[in-house]
Protein chains: 2
Amino acid sequence: MLSQSIEDYLKIIYKLQHGSDAPTQVTTSLLAERMGVTAASATNMIKKLAEMNLLEYAPYKGVALREAGEKIALETIRHHRLIELYLSEALGYSWDAVDAEAERLEHAISEEFEERIDKMLGYPTIGAHGEPIPNKNGQIEEQTYARLSDIERGQRAVVKRVSDRDAAMLRYMNDMGLRLGTVVKVCEKAPFKGPLTLLIEEDQPRTLGLEVAHHIFVDPIR
Amino acid sequence: MLSQSIEDYLKIIYKLQHGSDAPTQVTTSLLAERMGVTAASATNMIKKLAEMNLLEYAPYKGVALREAGEKIALETIRHHRLIELYLSEALGYSWDAVDAEAERLEHAISEEFEERIDKMLGYPTIGAHGEPIPNKNGQIEEQTYARLSDIERGQRAVVKRVSDRDAAMLRYMNDMGLRLGTVVKVCEKAPFKGPLTLLIEEDQPRTLGLEVAHHIFVDPIR
DNA sequence: ACTTTATTTTAGTCAAGACTAAATTTACCT
DNA sequence: AGGTAAATTTAGTCTTGACTAAAATAAAGT
């Protein structure tokens, strides 16, 4: 059995490699920051994972997952996203609470548990925040959506995915009435990285900071 | 936060103190055996728990939980039994599979998770194998049932609780058609600790070894 | 009461995975 | 190209919770 720690490291490396923000090189310090440990600790673990042939390690340069490592990362991510969706659908958890709970549960569930909730949810392919859920074979359909912050004025778009990095931000989005599938229209964009004004589902206009809009992924209409 | 290990030790000590088999004195070796560790390891942990004022430790004699330790034990047991029932009721787990899964999950769930499944289950007081579920305040209603092995010939009784120590035995009981609430009648008891013959729910007679009957707790009728 | 045996405790190791402080490497700037 | 700052790695420590082997204690038999 693999330790929780190892699963977490691999999961985060995968996310960094395939994330929408910085798909350059996964450095020790970036990994350390995401794991909430010091760089020295990250180096130790990296050496161990390289030893186990789970990743490619170029000292002072960075890491890249090998096939075996990616497989474990995707299994862990699958667990996480299935659990998040289950908590949300079956237990009524809110958008911002699922991540923390899933973070601990993902390491504790068996294959049987995974299969049962997968079935119960109807073999879903999209998670609670719009993320793709890897299938049992570790295949995943990476998506590419536009950021709401990049949408032109006047354009309408459907909310497809939100970043789950910040629970407070998720709660805020939720309070604004944003959900997966919500249709928004950009009415106004203030200059100099100013906020944008949105029409959410034909309701009254709302103003949203760019920072938040940057973490909302949409599909423009027409 | 308390470690999984600590929670497990306290839980097992509680069960040994209140178990139906040997409520004498909880010894180091008994605890070690149930935890699957060596006696030396158990001694170490006992000293640590005594240091934390979670239990009373008389070297060479044994241990007894103090109030704080019992509270933690009961919380852990509550988690375990709620999860078992949830797995059984909501996810269709079989009698013999719930324990192993709950064993890992009990340390991973939050208070919110506990509350949500508690509510979903209708605030149950009896677990999947008939055990009492401690309430949120750590109160528990200890039961005293007769063992099926002690029931007189001709007597009828209702199955109230089964031991969950051995998954294979649980599977066997299940295959025999035994469930909580099942009515059985003892038709025959072979001498010299021989097997007993049962009538299960007015079906055809079945023969059951004493060992198994010893782990089935019943409430005699009339 | 003394000896043998079983149980328990002590002493010393080990592995995981974190940390700090120091040394090293890379990168950047003029 | 040389010098400095930032990033990374190395070296050494710590904690948790296991282990083995040896010592100490308790229990039991004659």
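Just so we're on the same page: letters track the sequence lines, and every chain starts at 1.
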Grab the [atom1]-[atom2] distance between [X] and [N] for me, whole Å please.
X        : N       : atom1 : atom2 : value
Leu31(B) : dT7(C)  : CG    : C1'   : 14 Å
Glu51(B) : dT15(D) : CD    : C1'   : 15 Å
Ile46(B) : dT10(C) : CD1   : P     : 11 Å
Lys61(B) : dT8(C)  : NZ    : P     : 12 Å
Met1(B)  : dT15(D) : CE    : C1'   : 18 Å
Met35(B) : dA18(D) : CE    : C1'   : 10 Å
Met45(B) : dT8(C)  : CE    : C1'   : 17 Å
Glu33(B) : dA18(D) : CD    : C1'   : 18 Å

Give every donor-acceptor pair under 3.5 Å between a side-chain atom in residues 32-49 of chain A and any protein atom, sequence neighbours left out.
residue  : atom : partner  : partner atom : Å
Thr38(A) : OG1  : Ser41(A) : N            : 3.3
Thr38(A) : OG1  : Ser41(A) : OG           : 3.0
Thr43(A) : OG1  : Ala39(A) : O            : 3.1

Check your understanding: Mind checking whether Trp95(A) and His129(A) have parallel, tilted or perpendicular rings, split at 30° and 60°?
Key -> tilted
Point to revise | Mutual orientation of the aromatic rings belonging to Tyr93(A) and Phe113(B) [parallel < 30°, tilted 30-60°, perpendicular > 60°] | key: tilted
Exercise for review: List in chain and number order the residues that pass salt bridge (charged side-chain N to carboxylate O under 4.0 Å, His left out) with Lys119(B), two or more places apart in sequence or in another chain; answer none if no residue qualifies.
Suggested key: none
Point to revise | For Glu114(B), salt bridge (charged side-chain N to carboxylate O under 4.0 Å, His left out) partners two or more places apart | key: Arg78(B)
Between protein and nucleic acid, restricted to nucleotides 10-14 of chain D and to nitrogen or oxygen atoms under 3.5 Å apart, what atom pairs and distances do you find?
residue : atom : partner  : partner atom : Å
dT10(D) : OP2  : Lys47(A) : NZ           : 2.8

Revision key, fill the gap. Rounded to 10°, the helix from dA1(C)-dT30(D) to dT30(C)-dA1(D) deviates from straight, judged by its five-pair end axes, by 10°
Side-chain N or O of [X] versus OP1/OP2 of [N]: is the shortest distance under 4.0 Å?
X        : N       : result
Ser29(A) : dT8(D)  : yes
Ser41(A) : dC19(C) : yes
Thr38(A) : dT20(C) : no

Could you list the donor-acceptor pairs under 3.5 angstrom formed between side-chain atoms of residues 138-148 of chain B and any protein atom two or more places apart in sequence or on another chain?
residue   : atom : partner   : partner atom : Å
Gln139(B) : OE1  : Asn135(B) : ND2          : 2.9
Glu142(B) : OE2  : Tyr14(B)  : OH           : 2.8
Gln143(B) : OE1  : Arg161(B) : NH1          : 2.8
Gln143(B) : NE2  : Gly130(B) : O            : 2.9
Arg147(B) : NE   : His214(B) : O            : 2.8
Arg147(B) : NE   : His214(B) : NE2          : 3.3

Who are the side chain to side chain contact (heavy atoms under 4.5 Å, CB included) partners of [X], not counting sequence neighbours?
X         : value
Pro220(B) : Ile151(B), Gln155(B)
Glu7(A)   : Leu2(A), Ile72(A), Thr76(A), His107(A)
Asn53(A)  : Arg66(A)

Revision key, fill the gap. Expected list for residues 3-11 of chain A near DNA chain C, using heavy atoms below 4.0 Å, is Ser3(A), Ser5(A), Tyr9(A)
Practice item. Check side-chain hydrogen bond (donor to acceptor under 3.5 Å, both in side chains) between Lys11(B) and all other residues, then give those that pass, not counting sequence neighbours. Key: Glu103(B), Glu106(B)
Point to revise | Residue pairs passing the salt bridge (Lys or Arg N to Asp or Glu O under 4.0 Å) test where at least one lies in residues 84-101 of chain B, sequence neighbours excluded | key: Asp96(B)-Arg171(B), Glu101(B)-Arg104(B)
